[in-house]
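Right, one structure below, let's go through it.
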Protein chains: 2
Amino acid sequence: MRAEEMLQTLVAHGYRLTEPRQALLEVIACRPGWFSVRELSEDLGQKKIRVGRATIFRTLNLLVDLGLLERVRGANEVEGYVVTGAGEHHHHLICSRCGRVEELPECPVAERLAELAAERQFQVVSHNLEVYGVCIQCLRQESLEQEK
Amino acid sequence: MRAEEMLQTLVAHGYRLTEPRQALLEVIACRPGWFSVRELSEDLGQKKIRVGRATIFRTLNLLVDLGLLERVRGANEVEGYVVTGAGEHHHHLICSRCGRVEELPECPVAERLAELAAERQFQVVSHNLEVYGVCIQCLRQESLEQEK
DNA sequence: CCTGCTGGTGAGACTAAGTATCAATTGCTA
DNA sequence: TAGCAATTGATACTTAGTCTCACCAGCAGG
């Protein structure tokens, strides 16, 4: 998702189009997959843009609320975020090697979960699925290295 | 799971049976469901038992490694832990009201996830599912309160 | 029962995420 | 272009979690 689009969404929800927000969105849009707040700060630092810590978190929360971002615990157990198309329900395949994130086109839980929850009379409000593994690119690279 | 059993597991794996570990396990065993480190510390404080921060985290990590505990992000987005029967694969229904945790008897993801991942040539190593909602007890209580 | 080796502990400093406060600033609208 | 409300940044704070290092205590072997 491009920075432009995210800005549009902000404006559409009545939020102001400020300098720090633009800077943040640009940096976020450049990140291919999962990122931590630390990485974000570093990116900003490299671009010589100063944005206060508080603003970073405020903006991240905003984006999460709007469904543009999602909080995801990375493979290394570190908290971070992932850009998501829009507010729809979805899950991710997270590569433990490169941190890249692929979106799952459908929810592999929905059906069976509904049944199980009904059995136990548990009212499901939401759920959260994170899948860890190795993506095809990293698998290939690995087998190349082993050939040497 | 009782504190005794957890101690047995520790010993069976060659770990020593120390004072702080016993104290921690007892407090953990008393917790019905999800708990944060903060709650744990408070419980220890109330019982007038002093255990160093480092030891708490060491022990928690140990228990996670042994599969007796699991790290779970609570409904309020706070990190915490949950006691799990043993090292097997399982998931949880987490009640956002009372924090109680029910174990799911089967994994509602396994089948469909395997298919989806195969399609995209992603090698799944592990996955993590957390389900949030309201448990039957809290639902009942709620409807009682509304009747008034 | 005692002793020593080694695993375990606690204090404390450190990293990092995330929140709260509040005065100063800046988008936007009229 | 003036003004108001939304936004910002500095700063201090909370909590999770790690690391180090000197000290301590389980437990095995005598």
Side-chain angles (χ1 to χ4, degrees), chain A residues 6-25 27-28 31 34-45 48-66 69-82 99, chain B residues 6-28 31 34-45 47-66 69-82 99:
Chain A
M6 296 200 264
L7 279 176
Q8 295 308 324
T9 313
L10 279 184
V11 174
H13 282 79
Y15 293 103
R16 287 190 187 162
L17 198 45
T18 69
E19 251 249 37
R21 296 224 248 244
Q22 276 175 283
L24 267 167
L25 286 178
V27 173
I28 289 172
R31 287 254 152 212
W34 181 94
F35 61 88
S36 65
V37 171
R38 203 246 261 263
E39 291 172 322
L40 219 55
S41 301
E42 282 169 9
D43 285 0
L44 287 172
K48 310 263 165 89
I49 307 172
R50 292 200 55 79
V51 178
R53 275 177 61 67
T55 302
I56 295 180
F57 282 104
R58 269 187 295 241
T59 308
L60 288 173
N61 283 339
L62 229 176
L63 296 173
V64 169
D65 285 348
L66 292 177
L69 283 191
E70 200 173 312
R71 277 189 72 183
V72 169
R73 189 150 68 208
N76 33 357
E77 293 276 292
V78 177
E79 289 297 328
Y81 299 80
V82 159
Chain B
M6 297 200 262
L7 279 175
Q8 295 308 323
T9 313
L10 279 184
V11 174
H13 282 80
Y15 294 102
R16 287 190 186 160
L17 199 45
T18 68
E19 251 248 37
R21 296 223 249 245
Q22 276 175 282
L24 268 168
L25 286 179
E26 251 156 62
V27 174
I28 289 173
R31 286 255 153 211
W34 180 95
F35 61 89
S36 65
V37 173
R38 202 248 261 262
E39 291 172 323
L40 220 54
S41 303
E42 282 168 10
D43 285 359
L44 287 172
K47 287 191 155 198
K48 310 262 165 93
I49 307 171
R50 293 199 55 79
V51 177
R53 275 175 61 67
T55 301
I56 295 180
F57 282 104
R58 269 188 294 242
T59 307
L60 287 173
N61 284 338
L62 228 176
L63 296 173
V64 169
D65 285 348
L66 292 177
L69 283 191
E70 200 172 313
R71 277 188 72 185
V72 169
R73 188 150 69 209
N76 33 356
E77 294 275 293
V78 177
E79 289 298 328
Y81 299 81
V82 158

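Chain naming here is simple, since letters A, B, ... match the order of the sequence lines and numbering starts at 1 in each. Keep in mind that the numbers below use all heavy atoms, side chains included, and drop hydrogens, waters and symmetry copies.
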Minimum side-chain heavy-atom gap B/Tyr81-B/Val72 below 4.5 Å
no
Rounded to whole Å, how long is the line connecting atom CG of B/Leu44 with atom P of C/dG10?
10 Å
Given C/dG7, is OP1 or OP2 found less than 4.0 Å from the side-chain N or O atoms of B/Arg16?
no
Say you draw a straight line from OG1 of A/Thr55 to CD of A/Glu19; how long is it, rounded to the nearest 0.5 Å?
12.0 Å
Whether the A/Arg38 and A/Ser41 side chains hold a donor-acceptor pair (N or O, under 3.5 Å, no angle test) is what I'd like checked.
no
Of residues 50-65 of chain A, the positions that come close to DNA chain D - non-hydrogen atoms, cut-off under 4.0 Å:
A/Arg50, A/Val51, A/Gly52, A/Ala54, A/Thr55, A/Arg58
First-last contacting nucleotides on DNA chain D - partner chain B, under 4.0 angstrom, heavy atom
D/dT15 to D/dC27
Under the criterion side chain to side chain contact (heavy atoms under 4.5 Å, CB included), I'd like the reasoning laid out for B/Leu63 against B/Leu25: C-alpha separation, chi angles, the key distance, then a yes or no.
CA-CA 10 Å; B/Leu63 296 173; B/Leu25 286 179; 3.7 Å; yes
At their closest point, which heavy atom of B/Leu44 faces which heavy atom of B/Val27, and how far apart are they?
CD2-CG2, 3.6 Å
Close residues, residues 17-28 of chain B, relative to DNA chain C [heavy-atom separation under 4.0 Å]:
B/Thr18, B/Pro20, B/Arg21
Heavy-atom closest contact (A/Phe35 atom, A/Glu39 atom, distance)
CA-OE1, 3.1 Å
Gap between atoms CD and C1', on A/Glu79 and C/dT15 respectively (whole Å)
15 Å
Please check if the side chain of A/Arg21 supplies one atom and the backbone of A/Arg16 the other of a donor-acceptor pair under 3.5 Å.
yes
Identify, between B/Tyr15 and B/Ser36, the residue whose nearest nucleotide on DNA chain D lies closer to the 5' end.
B/Ser36
Check step by step if side chain to side chain contact (heavy atoms under 4.5 Å, CB included) holds for A/Gln22 and A/Leu17.
CA-CA 7 Å; A/Gln22 276 175 283; A/Leu17 198 45; 4.3 Å; yes
With a 3.5 Å distance limit and no angle check, can you tell me whether B/Glu26 reaches the backbone of B/Ala23 through a side-chain donor-acceptor pair?
no
Want to settle it: does B/Ser41 or A/Gly14 sit nearer the 5' end of DNA chain D, counting the closest nucleotide to each?
A/Gly14
If I compare all heavy atoms of A/Val78 with all of A/Trp34, which pair ends up nearest, and what's the gap?
O-CZ2, 3.2 Å
Carefully, step by step, assess A/Asp43 and A/Arg31 under the rule side chain to side chain contact (heavy atoms under 4.5 Å, CB included).
CA-CA 10 Å; A/Asp43 285 0; A/Arg31 287 254 152 212; 3.0 Å; yes
